[in-house]
Number of protein chains: 2
Amino acid sequence: MSTTVSALDQMIHKLSGRSALTGEDKEAILSLPHTIRSYHAATYVVREGEPPPNHCSFIRSGFAVRQKITAQGARQIMSLHLVGDFIDLEHLFLNIADHNVQALTELEVVAIDRRALESLVLARPNIARALWIDALVDASIYREWVTNVGRRAAPARIAHVLCEVALRMQAAGVSTNGGFELPLTQEQLADAVGLTPVHVNRTLKALVADGILHRDKRYISFTDWNRTKEVADFNALYLHLEQAKPA
Amino acid sequence: MSTTVSALDQMIHKLSGRSALTGEDKEAILSLPHTIRSYHAATYVVREGEPPPNHCSFIRSGFAVRQKITAQGARQIMSLHLVGDFIDLEHLFLNIADHNVQALTELEVVAIDRRALESLVLARPNIARALWIDALVDASIYREWVTNVGRRAAPARIAHVLCEVALRMQAAGVSTNGGFELPLTQEQLADAVGLTPVHVNRTLKALVADGILHRDKRYISFTDWNRTKEVADFNALYLHLEQAKPA
DNA sequence: CGCCAAATTGACTCCCTTCAAGAGTAGTGG
DNA sequence: CCACTACTCTTGAAGGGAGTCAATTTGGCG
């Protein structure tokens, strides 16, 4: 089932940042049965209401979102995912998907055999801790998004998501310091912040007019990070980027 | 440190519903160092930005909420918690609190020594699975709330939270079938759904006028559950109440 | 009985939505 | 190489749902 030696190195790299792994841990990870899968933009990777696939995936390249559709047909995106992110860790232990995961761009994932990962996690505390932390950080991001969508006005709401994307892309080594290529259409951004595309468009223009950010197509850059953070009411704490390795 | 023999039985009961526990698992849980703590209504149990306390708690009686306050002073509640719920499981592995946990009513919790719980979890797969599932269900609820606050109109939004509370109280054995005592003021309900107290008041009245629900003070009951679910765009899937025990 | 928080109601305002049309922009194929 | 097509982005005008401000009523409780 194994295809590339290096595919799982990415996972080791990610987890090492969150929990100290022993040589044995790393070897165990490298021996996980896995395949590499590709999805075209807009394809569903996980569907709400369906039983979980027999594998758990993390992103090798590209972007994905989690989303739900209401009965009225409105879509809400509840998180964005980029290189290195696990996209269906919830299926490790829950036996039915409660939301959709959709490819945002061309997407490549490393799909790990679910049972093997489950055994590994339950047998190896360091790996369990690292993956658990990953899930906890995801939950923290959801909490922030509830706040963002529930209590911030349009400009702050949009700026907040942009701040998050900027920081996470930087942390993942995807963006240069100057700015980043937003992997979302304005309609998708609207679905992420709970607004209409029209209002997102107007608000983005207003943010540019106020000198909060620059835009060139979907390439976003901030003039003054501190000012942007202020407008966005952004506090990076919830991303737990500094999560220290335990003693 | 142990005070009552039965305090941890509640934890065993809760976890048994999610993962099969052996006699050894149960004994290990019962021997966890713990204390019982009480908080008055409105007291903070966990504060954003602070390092975690050296214990993890679950609710013995009463209600609590998770919330954040924006720079503009607006409060957003992102989850409600009742008997049996763990309220700071995130601190098992994250070393700084990213949100507040606040007592909603008089609150009694069982506070378990953090290090001891951590060791237990990493040593006992069944317990790890059960607690992990607990965290995953919390995350699922956050996702639903992002959708609720981001994409539903006021009536559905409010009805949705009421549906969730009704089901969870019933699952926890706190409410009778006929209805339930909502442990929230209208202002707190407003903070949970991202609206103003005034609008929550008006919308509640409209829901009553439309025959969707009955109200007697804070005692809520539904006339027609199916109709309420429809108005609320409510699908209980996300609560994972049926989460089967693994083989 | 009096105090104070919670619930209620009215009138006015405004942020965001809705509807609709036009302008870029990228990919495709003849 | 350029027309064709389908998104995506942009802009205008008008309407509505929710917010704001403020006053009144209700209800729990010492």
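Only a predicted model underlies this, so the values are computations on that prediction, with no experimental measurement involved. Heavy-atom basis, side chains included; hydrogens, waters and symmetry copies ignored. A, B, ... follow the sequence lines: proteins, then strands. Residue 1 opens every chain.
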Self-check item: Whichever of B:Arg157 and B:Val198 has its nearest DNA chain D nucleotide further upstream toward 5'
Solution: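 First, find each residue's nearest nucleotide; the 5'-ward one identifies B:Arg157.
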
Quiz item: For DNA chain D, whose closest nucleotide is more 5', that of A:Thr185 or that of A:Arg202?
Solution: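 The residue whose closest nucleotide sits nearer the 5' end is A:Thr185.
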
Let me know the distance between [atom1] of [X] and [atom2] of [N], rounded to the nearest Å.
X        : N      : atom1 : atom2 : result
B:Leu195 : D:dG19 : CG    : C1'   : 10 Å
B:Lys205 : C:dA6  : NZ    : C1'   : 15 Å
A:His199 : D:dG15 : NE2   : P     : 19 Å
B:Leu104 : C:dA5  : CG    : P     : 17 Å
A:Arg152 : C:dC15 : CZ    : P     : 19 Å
B:Glu187 : C:dC4  : CD    : P     : 18 Å
A:Asp216 : D:dT8  : CG    : P     : 18 Å
A:Gln186 : D:dT11 : CD    : C1'   : 12 Å

Exercise. State whether a side-chain donor-acceptor pair under 3.5 Å links B:Arg114 with B:His91.
Key: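 Side-chain D/A pair, B:Arg114 to B:His91: absent.
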
Quiz item: Is it true that the side chains of A:Tyr238 and A:Glu164 contain a donor and an acceptor less than 3.5 Å apart?
Solution: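 Looking only at side-chain atoms, A:Glu164 and A:Tyr238 do form a donor-acceptor pair, the distance falling under 3.5 Å.
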
Phosphate contact ([N] OP1 or OP2) by [X] side-chain N/O below 4.0 Å:
X        : N      : answer
B:Asn201 : C:dT8  : yes
B:Arg218 : C:dA7  : yes
B:Lys217 : D:dG28 : yes

Quiz item: Can you tell me if CD on B:Gln170 sees more than 12 non-hydrogen neighbours from other groups inside 6.0 Å?
Solution: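 More than 12 within 6.0 Å, yes.
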
Quiz item: Is the number of heavy atoms from other residues, nucleotides or ligands under 6.0 Å of B:Glu48 CD greater than 12?
Solution: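 Yes, CD of B:Glu48 has more than 12 neighbouring heavy atoms, counting only those of other groups under 6.0 Å.
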
